[in-house]
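Given the structure is predicted, the values throughout are model-derived calculations rather than measurements. Below, read A as the first sequence line, B as the second, and so on, with proteins coming before strands; counting in each chain starts at 1.
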2 protein chains.
Amino acid sequence: MSMGINHELYKVFYWAAKTGSLTQAARKLYLTQPSVSHAIKQLEERFGVTLFSRTARGVELTQEGAVLYSYIEQSQMLITLAEEKMAALRNLESGELRIGGSDSLFKHYLLPYLEKFHERYPGIRLHLNHGTTPEIIGFLKEGRIDLGVARMPIVDPQIQATETYQLQDCFVAGMRYAHLKDEVLSLERLLEYPIILFSRNSRARMTITEVFQSRGLSLRPEIEVGSVDLLIEFAKRGLGISYVAKEFVTKELEEGVLFEVRIDVPLPPARVGILTMSNVPLSGAASAFIELVCEGNGNRNV
Amino acid sequence: MSMGINHELYKVFYWAAKTGSLTQAARKLYLTQPSVSHAIKQLEERFGVTLFSRTARGVELTQEGAVLYSYIEQSQMLITLAEEKMAALRNLESGELRIGGSDSLFKHYLLPYLEKFHERYPGIRLHLNHGTTPEIIGFLKEGRIDLGVARMPIVDPQIQATETYQLQDCFVAGMRYAHLKDEVLSLERLLEYPIILFSRNSRARMTITEVFQSRGLSLRPEIEVGSVDLLIEFAKRGLGISYVAKEFVTKELEEGVLFEVRIDVPLPPARVGILTMSNVPLSGAASAFIELVCEGNGNRNV
DNA sequence: TTATTCCCATAGACATTGTCTATATCTCCT
DNA sequence: AGGAGATATAGACAATGTCTATGGGAATAA
């Protein structure tokens with residue numbers, strides 16, 4: 001096309017001006033001298049201006065050529081920087097990874113992976129955005145995070161969810177209810193005690209409510225909290241029986257400040273997965289992180 | 001070659017990112033959509049990174065793509081500015097013209113041309129460097145001026161001199177020597193009066209000295225000055241007879257404060273010319289100025 | 001001076017690759 | 001469901017970028 005100037009010519013011009021020699025520019029660009037000569041001539045014809053004065057030992061910028069160079073030099077520097085940056089991004093020496101999830105999943109599930117990731121790729125900045133599952137899905141759709149971690153299932157068609165982990169929810173109580181330690185309670189018996197549940201819009205809450213409903217029972221919590229930490233804290237202080245993932249209270253169970261209140265129905269395991277946008281390609285950092293998470297448990301990310 | 005990335009691709013990338021649509025980018029670049037698609041794909045393959053996420057109504061930058069864009073956008077802006085600047089230079093809407101010459105030639109010869117040039121090309125900044133002929137030649141060789149104006153002949157092979165004007169040197173005196181008004185002096189008679197000459201290294205001085213020498217006479221000035229203004233001023237005040245170009249004292253001759261002291265030998269006309277470097281191409285502004293100067297007198301610049 | 005060398009310009013042939021047309025696929029919207 | 005509009009892909013063609021070969025000029029050295 002006769003429209004616009006081929007930007008490739010500026011690269012040639014840059015090296016010709018920088019080295020002061022078409023021959024050396026050719027060497028830098030892995031071209032032959034006539035090619036460079038031709039390129040410069042094209043530029044000169046397009047601009048209707050002479051860019052170099054040709055001498056016996058090379059070329060020298062004319063006044064107009066020097067003006068052009070003052071712009072092109074900067075332009076080329078930026079391109080060089082861009083190319084270096086892209087190489088760094090590709091090698092995961094640079095970049096950022098933005099993850100969305102709940103406090104508890106970060107703390108009890110992702111933390112070791114985050115540590116390992118940071119150790120392996122120290123150049124990548126980590127941004128952790130905590131929020132509820134719908135908030136995380138919102139962040140994903142807005143492009144504010146690269147991936148999310150949440151309890152499955154996720155219904156949204158735009159979201160791709162890969163299960164990577166399972167949690168076993170259970171009821172736990174503190175020493176105030178120590179007499180329940182050796183019992184196996186029916187759901188009806190359990191309802192005689194104050195129950196502490198996570199807030200209404202959580203997946204765990206929905207799951208356990210269904211379990212009771214399927215047996216014609218209505219589960220109404222005494223206390224409703226917004227964080228797993230409070231769930232644990234309230235149980236420890238004897239305010240009631242908390243429903244929480246066993247994996248989140250391993251320490252408390254070991255120390256004996258909490259114990260599991262066994263019941264006579266099996267509770268379905270909670271599946272935890274990594275959420276990404278179906279149609280948005282993953283960043284290198286995000287793929288690497290997902291790979292890292294899936295490494296241990298045989299899961300494969302699509 | 002597989003070395004380096006074709007910078008033309010960045011132009012395509014820029015428009016694709018800016019418009020958010022490969023189709024629209026194609027329209028901007030007078031290409032077809034598959035060409036743009038192909039160009040983006042090449043970039044992605046080279047970087048090993050996905051730059052856009054393709055959606056149903058266009059494309060959107062990925063995280064990595066946004067990083068690249070932040071560099072490329074600036075780079076493209078600079079190129080656009082460069083192209084605008086070059087167009088301005090070509091149209092003489094911008095730029096600068098650096099001229100070297102003596103005070104007197106600027107004042108009495110070039111001034112009207114400079115005025116006309118500035119009127120016709122108001123965007124071009126004028127730089128006037130005054131100096132002696134050897135200094136001007138030095139400036140030319142250093143590239144500090146685009147052209148010079150000096151008395152001919154100029155011997156230097158690197159310098160191209162084009163004669164554009166003739167001066168008629170003559171001897172002038174003030175009213176103190178009014179009695180010489182109607183005389184025609186021989187050179188010998190002239191030497192009886194105090195002579196005021198320009199400084200030793202000037203072309204005019206050399207010329208007149210030769211005239212005397214060729215007749216076996218020795219011309220030794222009473223006063224030697226460094227500027228034409230002083231030459232005139234001293235003559236006016238009666239300190240002696242000055243040797244000066246008639247064209248530089250037209251006003252004084254008309255006003256009667258000076259008169260020409262006629263002598264009985266013809267003095268050769270002094271040729272004034274424009275000096276440029278033989279091997280250095282002229283800037284647009286310089287060519288335009290030379291053309292302007294030559295316009296009136298039929299001279300043609302090579 | 002003459003020879004040599006280094007540089008750039010030019011010409012013409014060749015092959016790379018950039019570009020197009022035609023078509024497929026997908027998503028969104030009616 | 002079907003249409004509109006977006007991008008992806010395949011394959012053919014041609015523009016043009018690149019090379020080899022050569023010539024000319026200016027500086028350098030003998």
Side-chain angles (χ1 to χ4, degrees), chain A residues 1-13 15-46 50-62 65 141 156-160 277-281, chain B residues 1-13 15-46 50-62 65 141 156-160 277-281:
Chain A
M1 284 295 122
S2 65
M3 208 65 214
I5 288 178
N6 187 336
H7 284 20
E8 189 72 356
L9 298 178
Y10 292 127
K11 186 162 72 184
V12 180
F13 169 76
W15 284 105
K18 181 166 179 161
T19 61
S21 153
L22 304 195
T23 306
Q24 285 193 57
R27 212 161 285 147
K28 286 274 183 195
L29 294 163
Y30 302 94
L31 293 174
T32 57
Q33 170 266 316
S35 298
V36 174
S37 192
H38 183 231
I40 299 301
K41 197 180 176 188
Q42 276 188 73
L43 266 187
E44 289 182 326
E45 283 174 357
R46 287 309 198 82
T50 308
L51 297 171
F52 291 101
S53 72
R54 279 72 166 171
T55 76
R57 57 178 175 288
V59 292
E60 208 167 341
L61 286 169
T62 61
K141 290 184 178 173
D156 201 302
Q158 290 184 62
I159 302 292
Q160 160 128 15
M277 291 292 291
S278 321
N279 296 321
V280 176
Chain B
M1 284 295 123
S2 63
M3 209 66 215
I5 287 178
N6 188 335
H7 284 20
E8 189 71 357
L9 298 178
Y10 292 126
K11 186 162 70 185
V12 180
F13 170 76
W15 284 104
K18 181 166 180 160
T19 61
S21 153
L22 303 195
T23 306
Q24 285 194 57
R27 213 161 285 148
K28 286 273 183 193
L29 295 162
Y30 301 95
L31 293 174
T32 57
Q33 171 267 317
S35 298
V36 173
S37 191
H38 184 230
I40 299 301
K41 198 179 177 190
Q42 275 188 75
L43 267 186
E44 290 182 325
E45 282 173 0
R46 289 308 198 84
T50 308
L51 297 171
F52 291 101
S53 72
R54 280 71 167 172
T55 76
R57 56 179 172 286
V59 293
E60 208 167 341
L61 286 169
T62 61
K141 291 185 179 173
D156 200 303
Q158 291 184 60
I159 301 293
Q160 160 127 16
M277 291 292 290
S278 322
N279 296 320
V280 175

Could you work out which one of D:dA27, C:dC8, D:dC19 sits closest to the side chain of A:Leu31?
D:dC19
In whole angstrom, what separates A:Glu60's CD from D:dA27's P?
12 Å
When we call it a touch if two heavy atoms are under 4.0 Å apart, what does B:Ser35 touch: a base, just sugar-phosphate, or nothing?
base
Is a side-chain N or O of B:Thr62 found less than 3.5 angstrom from the main chain of A:Val280, in a donor-acceptor match?
no
Residue mapping more 5' on DNA chain D - nearest nucleotide basis, B:Arg27 or A:Arg57:
B:Arg27
Is a side-chain donor or acceptor of A:Lys18 paired with a backbone partner of A:Ala25 at a separation under 3.5 angstrom?
no
B:Thr23 or A:Pro34, whichever maps to the more 5' nucleotide of DNA chain D
B:Thr23
Let me check something: any side-chain donor-acceptor pairs from residues 53-61 of chain A under 3.5 Å, sequence neighbours excluded? List them with distances.
unit_1	atom_1	unit_2	atom_2	d
A:Arg54	NH1	A:Glu44	OE1	3.4
A:Arg54	NH1	A:Glu44	OE2	2.9
A:Arg54	NH1	A:Phe52	O	2.9
A:Arg54	NH2	A:Glu44	OE1	3.1
A:Thr55	OG1	A:Arg57	N	3.2
A:Thr55	OG1	A:Gly58	N	3.4
A:Thr55	OG1	A:Gly58	O	3.1

Integer-rounded Å distance: D:dA26 P and B:Met277 CE:
13 Å
Would you check if the side chain of A:Lys141 reaches a backbone N or O of A:Ile159 as a donor-acceptor pair within less than 3.5 Å?
no
Euclidean distance, atom CD of residue B:Glu8 to atom P of D:dT16 [Å, nearest integer]
11 Å
B:Thr32 side chain near C:dT19 phosphate (N/O to OP1/OP2, under 4.0 Å)
no
Over how many whole Å does the gap from B:Leu9 atom CG to C:dT17 atom P extend?
12 Å
Treating A:Gln160 as the side-chain partner and A:Met277 as the backbone partner, does any N or O pair qualify as donor plus acceptor under 3.5 Å?
no
B:Gln33 CD - D:dA10 P separation (whole Å)
14 Å
Just how far, in rounded Å, is C1' of C:dA24 from CZ of B:Arg54?
17 Å
A:Tyr30 has an atom OH; how far is it from atom C1' of D:dG17, in whole Å?
19 Å
Which whole-number value in Å describes the distance from B:Glu45 CD to C:dT17 C1'?
14 Å
Any residue in residues 36-44 of chain A with a heavy atom nearer than 4.0 angstrom to DNA chain D? Just list them by number, or reply none.
A:His38, A:Gln42
